[in-house]
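Beneath this line is the structure, given in C-alpha cells, with notes to follow.
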Amino acid sequence: MVIDRKEAVAVLEEIALLLELKGENAFKIRAYENAARALSTMEIDFETFVRSGEIAKTKGFGKALVEKLIVLVETGTLPFLEELRAVFPASLLKLLQINGVGPKKVSLFYHKLGVTSVDELEAACKDGRIAGLSGMGKKTADNILASIERSRRFESFFHYYTARLTADQLLAALRDITGVQKIELAGSLRRFREVTKDIDILGVSEQPAAVMAAFTTLPLVAETLSRGRTKSSVVLTNGMQADLRLVAESEFANALQHFTGSKEHNVALRSRAQSRGMKVSEWGLFDVSNGGETLIPCDSEEAIYKKLGLCYVPPELRENLGEIECAETGVMPTLVTEADYRGVLHCHTFASDGANSVAELVAHARGAGHSFLAITDHSKSSFQANGLNEERILKQLEQIRDLQKDLKDFRLYAGVECDILLNGDLDLDDDVLKQLDIVIVSVHSGFSRNKRDMTERVVRAIEHPCSRVLAHPTGRLLLRREGYELDWDVVMAAAVANNVAIELNCNPLRLDMDWRLWRRARDQGVRCSLNPDAHRLSHFDFVRFGIGFCRKGWLTANDIVNCWSTDELNQFLGHP
DNA sequence: GCCGTTTTCGGCCCGACTGTTTTCAGTCG
C-alpha cells in the first residue's frame, strides 16, 4: 500500500486532534500540526521524501516524527494512531468544530456522559445533563445549543469574494459610527485566504463602550456572541461571524499586525523577538532584555518589522512559509498591484455561455482602462455551455477583425477556451486554431481520471503548438469540489518548455492555480495569466481581488502576462 | 515533539472574554 503526501498530512492532523482530546502537552500537539502544515505545502513524492532520508534533514521533522512516518510508509498503517483511535471514537473530532467546545469539554462530556456525537451532545444540553456537570452551567449548555444550531444553519466557511464584500459593507457601516476614529480590515481577509470563517476588524476609538454598543446593534448584525470593552463578536445576517477589536491610536500598528496574523507568522515573530531580548504582542513591542518591560514605540507595521531586523512583510505573505527568512535578507519581491493589470485574456460572450456581446465586453474593458482583451468562448465539446464549432469560431474571428478596425490604442484578440479531450487532443481543428490570436486550453470533462493520466493529458495539451494558456488547471470549485491531481513538476516543466502560461483563474469559486504553488512555479520560470473567466461584465471585478491572490503567490508584474505591454504580449502570443 | 552561537535539557507566544467560580480554566484567535 502506497501512502501519498495528502494521506500523510491527514494522519498527522488526526494525531494532533486526538492528542488534544487526550490533553497532551500543547507543544507536542503543535509539532504534529506544524509537520502537517509543512508537508501540505511541499511538492514532493512523499514516499521518496521519507525513504531517501530527506525528511530527517527537514526542519520540524525530528526523530520521533521521522520514525513514525517511516513506519507509515513501510506498513501503510501507524500503530501510534491506531492506539489513539482506540481511546477516542472518531466522531468526537466533529465535536471540536462546535464553537465554544474545545478538547477539555469534549473529553469531559465523553467520559462523564458518554457523549460521542453532535446529536448526543444536543440531547445532553437539552435534558440538563451538561448543566449538571461540575464547572458547567445552564449558560454553557445554552451556548453550546446555539453553536450547534448556527453550525447547522450555515456552512462555516465562506468564499473570499462573498466574505470580502460583506466585510466592506460592515467597514463602511462602522466608519459611520460616532466616536470611531479608524477602522481597518485584519485577519485572513487581509491576508487573502481563499476561504474564510469570519471577518476581523480593528478600530481606534476613545469611546470603546459606545462604539461596541453601536456595533452590536447594526442592522447587519443578527446576534451578539460576546461584548467586551476591547473585543466583541457578532453573527451577521448572512451567517458570517464578525469580530471587532478596539484599541487606542498608539496601539493601532501593533494591534493591526497582531490581528492580521497568521497565527503561525505571529508565533514565528514572537519567537524571533524573544531571541533578541524583546517581546511582541497585540499591545506592543517591548524590550525585556534587562528584566523589565520597556515599550518600543512603533507607529506603523513597517516599524515593527524593522525593529525585529526585517523588512516589511506584506499581509498576503504572512503565512510563515518563508517570508520571514526572505525579509531577513533585506530584499522582498515587488509584488504586483492593481495598477499593473492591463487586460483580460479569458472571457465569454453570449455565443457560448456568457451574457454579453463582444462589443459590450470591449466597451467595458476600455472603460476599466485596459489596453487589450481576448475573447475566448468555449469550444464545441462543451455543449452544455453552447461551445463553438470551427464554423462559428471563424465567424466570430471575422467579427472581431472587423471590430478591431475601429479600435485605436486597444488590441482585441480573437481566441478560444479550447477543451482538452480525454486523450489530451484539442477540441478544434489545427488549421482553425492557427488562425486565432490566443488559444487557452482547459479540462471540462473526465475529472475523475487518476493523477498520472490527468498529467499526461494536460501535458499533451500544453505541447500542442497553438496552446498559450492552461486555464483553471485543477478544475477545483472551492467548498464544493476537489480538483483533480496533477504532477506539478511535470506540468510546470512542460509549461516552461512550451512557452505556455498557467492561469490564475480569479473566479471566487476557483482561484486556480492555488496560491501555494505559485512561488515555486515562478522560480521555475512559469508565466502567470490572471483572468476573471468573465461570463458577464460584473465578473471583471474579480480581478481586483485576483491581484491579491497573485501577491499571495509572491508574483511580480513581470511574472504575469496580463501586466505586460501589448508589444510584449504580442511577442509572447507569437502574433507580432 | 522539536530544537540548540547560554545546545542534549528546559524551554517552547500572548492576551481577551465567558462562565463558573471567589481566583481560575477553557476557548479562541
Side-chain angles (χ1 to χ4, degrees), chain A residues 12 15-16 19-36 38 55-56 58-69 80 95-109 130-144 146-147 186-191 193 196-202 208 212 224-233 241-247 251 254-255 257-286 288-289 293 308 320:
Chain A
L12 294 174
I15 290 174
L19 289 176
E20 268 200 276
L21 287 181
K22 207 179 153 196
E24 258 293 357
N25 178 321
F27 298 103
K28 185 190 279 194
I29 296 164
R30 205 162 84 193
Y32 281 95
E33 287 170 345
N34 285 344
I55 186 171
T58 309
K59 202 176 158 221
F61 293 86
K63 192 161 164 277
L65 271 168
V66 170
E67 271 175 14
K68 289 191 177 75
L69 292 173
F80 179 69
L95 296 179
L96 285 173
Q97 287 169 15
I98 299 167
N99 223 298
V101 177
K104 296 291 191 299
K105 282 184 186 154
V106 170
S107 182
L108 179 75
F109 300 159
I130 295 293
L133 292 171
S134 126
M136 302 294 123
K138 183 167 184 315
K139 260 212 150 139
T140 305
D142 287 348
N143 284 344
I144 293 173
S147 286
S188 59
L189 282 175
R190 184 165 182 241
R191 298 200 318 278
R193 290 297 294 235
T196 191
K197 256 185 165 164
D198 56 8
I199 299 170
D200 285 300
I201 296 175
L202 181 68
M212 286 304 188
T224 302
L225 297 175
S226 69
R227 187 173 132 191
R229 195 183 61 84
T230 65
K231 182 195 162 183
S232 295
S233 294
Q241 188 177 322
D243 296 342
L244 174 65
R245 273 118 171 160
L246 292 174
V247 296
E251 298 157 342
N254 283 98
Q257 194 289 317
H258 177 86
F259 291 119
T260 295
S262 65
K263 196 173 83 182
E264 293 79 6
H265 176 84
N266 285 349
V267 166
L269 271 197
R270 283 195 280 265
S271 169
R272 182 181 177 86
Q274 207 175 40
S275 70
R276 305 182 150 223
M278 292 181 270
K279 184 185 91 167
V280 61
S281 80
E282 64 220 75
W283 298 116
L285 184 62
F286 300 91
V288 293
S289 57
E293 245 186 41
L308 291 169
N320 196 25

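Just so it is clear: chains get the letters A, B, ... in the order the sequence lines come, proteins before strands, and each one is counted from 1. If you're wondering where the values come from, they're calculated on a predicted model, not measured in any experiment.
Counting any heavy atom pair closer than 4.0 Å across all strands shown, A:Q274 reaches sugar-phosphate atoms only and no base atom. Among the heavy atoms of the strands, none lies under 4.0 Å from A:N34. At the heavy-atom level, A:L225 lies nowhere under 4.0 Å from the strands shown. A:N143 comes within contact range of the sugar-phosphate backbone alone, with a heavy-atom separation under 4.0 Å but no base atom that close. If you check every strand for non-hydrogen atoms under 4.0 Å, A:R227 touches sugar and phosphate atoms only. A:F259 comes within contact range of no nucleotide atom at all, as no heavy-atom separation falls under 4.0 Å.
As a whole-Å value, the separation of A:K63 NZ from B:dC3 P is 13 Å. Rounded to whole angstrom, the span from the CG atom of A:L133 across to the P atom of B:dG26 amounts to 13 Å. For A:E24 and B:dG26, the CD to P distance is 15 Å, given to the nearest whole Å. The interatomic distance linking A:I55 (CD1) with B:dG1 (P) rounds to 14 Å, in whole Å. For the pair A:L69 CG and B:dG1 C1', the computed distance is 12 Å after rounding to whole Å. Here B:dC17 presents its C1' atom at 14 Å from CG of A:L246, a figure rounded to the nearest Å. Spacing between atom CZ of A:R272 and atom C1' of B:dC14 amounts to 19 Å, rounded to whole angstrom units. One can place NZ of A:K104 at 12 Å from P of B:dC28, the figure rounded to the nearest angstrom.
If you check the side chains of A:Q257 and A:N266, you find a donor sitting under 3.5 Å from an acceptor.
The two residues A:A186 and A:F259 have their closest heavy-atom pair at CB-O, 3.5 Å. Smallest separation of non-hydrogen atoms from A:T196 and A:S188: OG1-OG, 2.6 Å. Considering all non-hydrogen atoms of both residues, A:A255 and A:V247 come closest at CB-CG1, 3.9 Å.
When the side-chain nitrogen and oxygen atoms of A:K68 are compared with OP1 and OP2 of B:dG1, one or more of them lie within a distance under 4.0 Å. Of the side-chain N and O atoms in A:S281, none sit less than 4.0 angstrom from OP1 or OP2 of B:dC13. Under 4.0 angstrom from either OP1 or OP2 of B:dT20 there lies at least one side-chain N or O belonging to A:T140. The shortest distance between the side-chain N/O atoms of A:K28 and the OP1/OP2 oxygens of B:dG1 is below 4.0 Å. Contact annotation: A:R270 does not reach the phosphate of B:dC12 (side-chain N/O to OP1 or OP2, under 4.0 Å).
The side chain of A:S226 sits closest to B:dC17 out of B:dG29, B:dC17, B:dT27. Of the candidates B:dC2, B:dG15, B:dC13, B:dC2 carries the atom nearest the A:A64 side chain, counting heavy atoms from C-beta on. Checked against B:dG29, B:dG15, B:dT20, the side chain of A:K279 finds its nearest nucleotide in B:dG15. Distances were taken from every side-chain heavy atom of A:T230 (C-beta onward) to each of B:dC17, B:dG1, B:dG26; the shortest belongs to B:dC17.
Counting heavy atoms from C-beta on, the side chains of A:L65 and A:I55 never come closer than 4.5 Å.
Where A:N266 and A:K139 each meet DNA chain B at their nearest nucleotide, the meeting point lying more 5' is that of A:N266. Judged by closest nucleotide on DNA chain B, A:L65 is the one of A:W283 and A:L65 placed further toward the 5' end.
With both ends at atom C1', the span from B:dC13 to B:dT8 equals 24 Å, rounded to whole Å. Separating the P atom of B:dG1 from that of B:dT6 is a span of 28 Å, rounded to the nearest Å. For the P atoms, the distance from B:dT20 to B:dC14 is 30 Å, rounded to whole Å. Rounded to whole Å, the P atom of B:dT27 lies 16 Å from the corresponding atom of B:dT21. With both ends at atom P, the span from B:dG11 to B:dA16 equals 25 Å, rounded to whole Å.
Under the Watson-Crick or G-U wobble criterion, with both distances below 3.5 Å, B:dC17 is paired with B:dG26.
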Would you mind writing out the side-chain donor-acceptor pairs for residues 97-109 of chain A within the sub-3.5 Å range, not counting sequence neighbours?
| from | atom 1 | to | atom 2 | distance (Å) |
| --- | --- | --- | --- | --- |
| A:K105 | NZ | A:G100 | O | 3.3 |
| A:S107 | OG | A:H111 | ND1 | 3.3 |

*Step by step, work out the side-chain contact (heavy atoms from CB on, under 4.5 Å) result for A:R270 and A:H258.*
CA-CA 10 Å; A:R270 283 195 280 265; A:H258 177 86; 3.4 Å; yes
